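Each chain gets a letter, A, B and so on, in the order the sequences are listed, and its residues count up from 1. The structure presented is a predicted model; accordingly, all values stated were derived computationally and were not measured.
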Amino acid sequence: MDFNEIEKKWQKRWELANVFEAKEESKKKKYYVLEMFPYPSGSGLHMGHARNYIIGDVYARFKRMTGWNVLYPMGYDALGLPAENAAIQAGKHPKIFTLNAIKNFIKQQKELGLSYDWNRLLKSCDVEYYKWNQYFFLKLYKKGLVYRKKAPVNWCPECNTVLANEQVHGGKCWRHTDVDVEIKHLEQWFIKTTAYADELLEDVEKLDWPERIKTMQRNWIGKSHGTDIYFKINNQNWRIFTTRADTIYGVTFMVISAQHPKLMELVSERQKKEVEAFLKRIKSTSEKDIEELEKDGVFTGSYAINPLTNEKVPVYAGNFVLAEYGSGMVMAVPAHDQRDFEFAKKYKIPIKVVIEPGEYSLNPEKMSRAYTGDGTLINSGEFNGLNNRDAIEEISKYLEKKKLGKRTVQYKLRDWLISRQRYWGTPIPFIYCEKCGLVPVPEKDLPVVLPDDVKFGEGNPLATNKDFVNTKCPACGGSAKRETDTMDTFFDSSWYFLRFTDNKNDKEPFSKKNVTYWMPVDTYIGGAEHACMHLIYARFFTKALRDLGYFKFDEPFTKLYNQGMLHGEDGHVMSKSRGNVVLPEEISKRFGIDAARFFLMFVAAPDKDVLWSDKGIQGSFRFVHKLISLFDKKKSTESDSLLDTKMHKTIREVTMKIENFQYNLALIDLMEFVKFLSDREKVTKKCLENLLLMLSPFCPHLCEELWEKLGNVEMAVTQNWPEYDEKKIDERAEAIEELVSGLRSNILDIQRLTKKKRLRKITLIIAKDWKSKLMKSIKKELEKIYDVGEIMKNILKNKDLKDHSKDIQKLLPKLVKKPGLIPRIVLAQTEEEAEINKRKDKLEKEFCCEIEVVREQDSKETKAKHAMPGKPAIIVE
RNA sequence: GCGGGGGUGUCAGAGUGGUCAAAUGAGCAAGGUUGAGGGCCUUGUGGCUUAGUGCCUGCGCGGGUUCGAAUCCCGUCCCCCGCACCA
């Protein structure tokens, strides 16, 4: 069988028949499956990406077959820095670079057999898409959710432009490795995400998301209760935020962020040089880099007055204080905060203890680290003796009364800095007019089209394009200049899922009807790396648009599924630079894409990180062949209880497991089913059909092919998912089968161990003591009826049993109040014996010897005593 | 630094209080098939022992809770991921 040929054949047929098209008119209930908006990287798609999409594809296919009207679209987050970097370095225009990359992606994705509705395709670099970015930006502006503020940026004097953190390497420019990056403060556009901080936090509870992602979101929003305290510095009030108002008597210095916009106001003439030198030492704006650095700081020359003690303490500028959080300045209590402690030690600042642990006393001279635990207040004036937790409350109240402070709520979540000084993004639709100031582009003048003809590598490409920059003021008609900042690409990915519901609409971003029908996304699939930023922005956007009246739902993604990462065989993340990339097309050539899909879904649970294995896929390849040869078997129309049991049980298990994303386990069940069918002489057509249908989400091409070979005209993808009948599942038939096959392997074992090729006579002695087997069966039955833990608790109430855990099992039946349960199982003994007798002929034939079946009580053999409960003993002559 | 996740057999990975010496696949070994190899099929694959039952050890390391722990708790070591201008 030529796999690549059948892949092409079915991909074509699916496309021609439009089987994956999502339509709004349907009697079925809608289901929206979505994978996170991929960035079409220039290096194409590797196995790691493939795994992600296949996880979604399996689910979408499964949902379609189980009776849902499924929307499963694909689009590309096409704007962004890598394309622009390529433009600067390789001289390729970002548009050509990106469109090529997308073309490649689509081709590769189609070869994977993914069941997207390609009619819904989106590219965020199309004007038809990004004009709606501008539209929404203006809506948010009107709603008062957009503002401008100075913020620090990386600046390369050589490139004459702003650099992304990514373009800064060790404080130097990525293109000019000997040029120091400077920090500039520029006016930037912000979106007030914090306006929704509370709702974003509260609604986390409503989401059916992995608990760890929810935790990360909560931490990211980082709501904390604290107190604003006013310290006088140079006769001006400076607000500082603290969660530890209880330690205010322990303040021995203050630290202002090195990035604080008003820092220079505090710097005295004498200290100016030193501070400037310090600022130069700190190159990058990135917090990551700051926090990896050692605590570093410099005295500003100013002193702050503690509002409660009236003590004068020095103000330092420091690299470990965040300008963006709280007030950008902290009161430092070295005795009770580790960072403050380290700083104080370094600059020989006094340490003042204000909390006593209780069991022992703290000596500021001898402390090796800060004491951050709870305790009783000392050295704190009238608050001495209070427990420190109560003191937070008391001191805050006191400060409020004296108008020296205020209790507040502080969020770690910051407003979203949305402007980028870059070309390859959505132009921010604003105009600067000398007379009228900042003027929004009127909605009717949208879109502001990104010009193609620009120069890269010398300053900001948009700013140097005269045709773009020079324009007329929409208010007064005078000459004016366009905003040259573009939007963060997270803006694009914050609402793309809405556009999929109505991607061709040129009158509005989406119709209310469609968005109401399809949204919210039922299952959203993507990596945990988006746990904070993208998912917060998208949630924020949804809430903001809801309040603008576009729809009524509060949350965009009902359920979130985090897929794991695929690593290369060397254990590292797959990446071109590591050279451990595995390409789907190469694997497909060797094994067919279905075997690859099978392996990827089989190797581990979809949410786990796994290692690619070239050897491992061999097993999947073998399975595919086994499956194909299964179809050469004789087909029978007659079924039996064992076959029914296996089939219905498999359907039950597989259905449940796919629903829960336990693809790996579902595939094991299917493999075992195939093995079972292969070992039988005849199989029914129904079995084979159901098998194919269940396997079709994983190996769609091959299943279509085999499905057709069975004589079916309608495609497998259009079929309904097989249903199971609980009544047809006969656990006992299975148990007997197990017993007999166990017997067989026992005989084989003996053959091997005795090295006798031919056994003359085998005596099977059926043990009288079936207890153990019985117990197991009983327990299994019990588990269906009771919670086992409950039963154990009941047993434990009987004190005498405490030391006899092994006996507990034996006592289980006594606890069973359900009559009839035990007799039914006891009955099984004789049935099993009969079953063995039935198979005797077959076994004799197989081993070419005589087989005798006796019951234990009939046997004089002493060895019969050792007959294993549950398995017949065997005597070999 | 802060936040999140994870350490299971030769390997990749199931299993998250009891039916566990631990699914499944890979690897390795033996046997069968084959002119040979490959492929395929069967069996085995922690240790000791038995024809079989059994016992010991065992899920990063050290403690604890429990009748019972890979699974829960505490401590500890190591690895991975995110941290706001990468998407």
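Residue contacts shown for A:Leu81 are limited to sugar-phosphate atoms, with no base heavy atom under 4.0 Å away. A:Phe490 comes within contact range of at least one nucleobase, with a heavy-atom separation under 4.0 Å. As judged by a 4.0 angstrom heavy-atom cut-off over every strand, A:Met36 is placed among residues making no nucleic acid contact. Within 4.0 Å of A:His625, counting heavy atoms only, lies no atom of the nucleic acid at all. Residue contacts shown for A:Ala531 are absent, as no nucleic acid heavy atom lies under 4.0 Å away. Looking at heavy-atom distances under 4.0 Å, A:Lys657 makes no contact with the nucleic acid at all. Using a 4.0 Å heavy-atom cutoff across all strands shown, A:Gln188 reaches at least one base atom of the nucleic acid. Looking at heavy-atom distances under 4.0 Å, A:Trp612 makes no contact with the nucleic acid at all. Residue A:Ser620 is out of contact with every strand shown, counting any heavy-atom pair closer than 4.0 Å. Residue contacts for A:Ser613: at a heavy-atom cut-off of 4.0 Å it reaches no nucleic acid atom on any strand shown.
Using a cutoff of 4.0 Å between basic side-chain nitrogens and carboxylate oxygens, A:Arg420 and A:Asp488 are scored as salt-bridged.
Comparing the P positions of B:G1 and B:U76 gives a spacing of 13 Å, expressed to the nearest Å. Between the C1' atoms of B:C81 and B:U16, the separation comes to 22 Å (whole Å). B:G75 and B:C20: their P atoms are spaced 33 Å apart (whole Å). Annotation: B:G3 and B:A84 have their P atoms spaced 16 Å apart (nearest Å). As rounded to the nearest Å, B:G9 and B:G62 have P atoms that lie 15 Å from one another. Distance check on atom C1': B:G60 versus B:C77 gives 8 Å, rounded to whole Å. When the P atom is compared between B:G54 and B:A22, the two are found 11 Å apart, to the nearest whole Å. B:G68 and B:U19: their P atoms are spaced 15 Å apart (whole Å).
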Its contact letters, B for base, S for sugar-phosphate only and - for none at protein heavy atoms under 4.0 Å, make nucleotides 3-10 of chain B read SSS-----

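Taking the side chain of A:Ala604 as heavy atoms from C-beta on, and the options B:A87, B:A14, B:G25, the nearest nucleotide is B:A14. If you check B:A87, B:A12, B:C85 against the side chain of A:Asp77, the one that comes closest is B:A87. In the set B:C81, B:U24, B:A87, the nucleotide with an atom closest to the side chain of A:Met565 is B:C81. The side chain of A:Thr489 approaches B:A87 more closely than any other nucleotide in the set B:C85, B:A87, B:A14. In the set B:G15, B:C41, B:U24, the nucleotide with an atom closest to the side chain of A:Gln662 is B:G15. Here the nucleotide nearest the side chain of A:Ala605, chosen from B:C85, B:U24, B:A14, is B:A14.
Close to B:C40, at under 4.0 Å from its OP1 or OP2, lies a side-chain N or O of A:Arg622. Between A:Lys675 and B:U42 there is a side-chain polar atom (N or O) within less than 4.0 angstrom of OP1 or OP2.
The CG atom of A:Leu413 lies 10.0 Å from the CG atom of A:Leu201; values are rounded to the nearest 0.5 Å. For the atom pair A:Ser493 OG and A:Tyr76 OH, the distance stands at 15.5 Å (nearest 0.5 Å). Once rounded to the nearest 0.5 Å, the distance linking CD of A:Glu35 with CE of A:Met74 reads 5.0 Å. A distance of 10.5 Å separates CE in A:Met36 from CZ in A:Phe497, rounded to the nearest 0.5 Å. Distance NE2/A:His530 to OH/A:Tyr524: 7.5 Å, rounded to 0.5 Å.
The distance from atom CD of A:Glu529 to atom C1' of B:G82 is 9 Å, rounded to the nearest whole Å. Remark: P of B:A26 and CZ of A:Phe623 are 12 Å apart, rounded to the nearest angstrom. A:Phe598 places its CZ atom 13 Å from the P atom of B:U24, with the value rounded to the nearest Å. The distance from atom CG of A:Asp609 to atom C1' of B:C79 is 12 Å, rounded to the nearest whole Å. Computed from coordinates, the A:Met671 CE to B:A14 P distance equals 15 Å when rounded to whole Å. Taking atom CZ of A:Phe698 as the reference point, atom P of B:G25 lies 16 Å away to the nearest angstrom. One can place CG of A:Leu665 at 9 Å from C1' of B:U24, the figure rounded to the nearest angstrom. Separating the CD1 atom of A:Ile668 from the P atom of B:G15 is a distance of 9 Å, rounded to the nearest angstrom.
The partner of B:U66 cannot be assigned: no Watson-Crick or G-U wobble pair with both contacts below 3.5 Å exists in any strand. Nucleotide B:C20 is matched to nothing when pairs are restricted to Watson-Crick or G-U wobble geometry with both distances under 3.5 angstrom. B:C28 is paired with B:G44 under the criterion used here, namely a Watson-Crick or G-U wobble arrangement in which both key atom distances are under 3.5 Å. Pairing for B:G35 is absent, with no Watson-Crick or G-U wobble pair whose two atom distances lie under 3.5 Å.
A search for side-chain hydrogen bond (donor to acceptor under 3.5 Å, both in side chains) contacts involving A:Asn562 returns nothing, not counting sequence neighbours.
For B:C85, its base sits under 3.5 Å from the side chain of A:Gln421 at one donor and acceptor pair at least.
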Can A:Phe491 and A:Phe541 be said to form a ring-ring contact (aromatic ring centres under 6.0 Å, His included), step by step? CA-CA 9 Å; A:Phe491 202 93; A:Phe541 222 92; 5.0 Å; yes

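Side-chain contact check for A:Lys608 versus A:Gln563: every heavy-atom pair is 4.5 Å or farther apart.
Here the rule is ring-ring contact (aromatic ring centres under 6.0 Å, His included) with A:Tyr663, and of A:Phe599, A:Phe698, A:Phe602, A:Tyr561 only A:Phe698 fits it.
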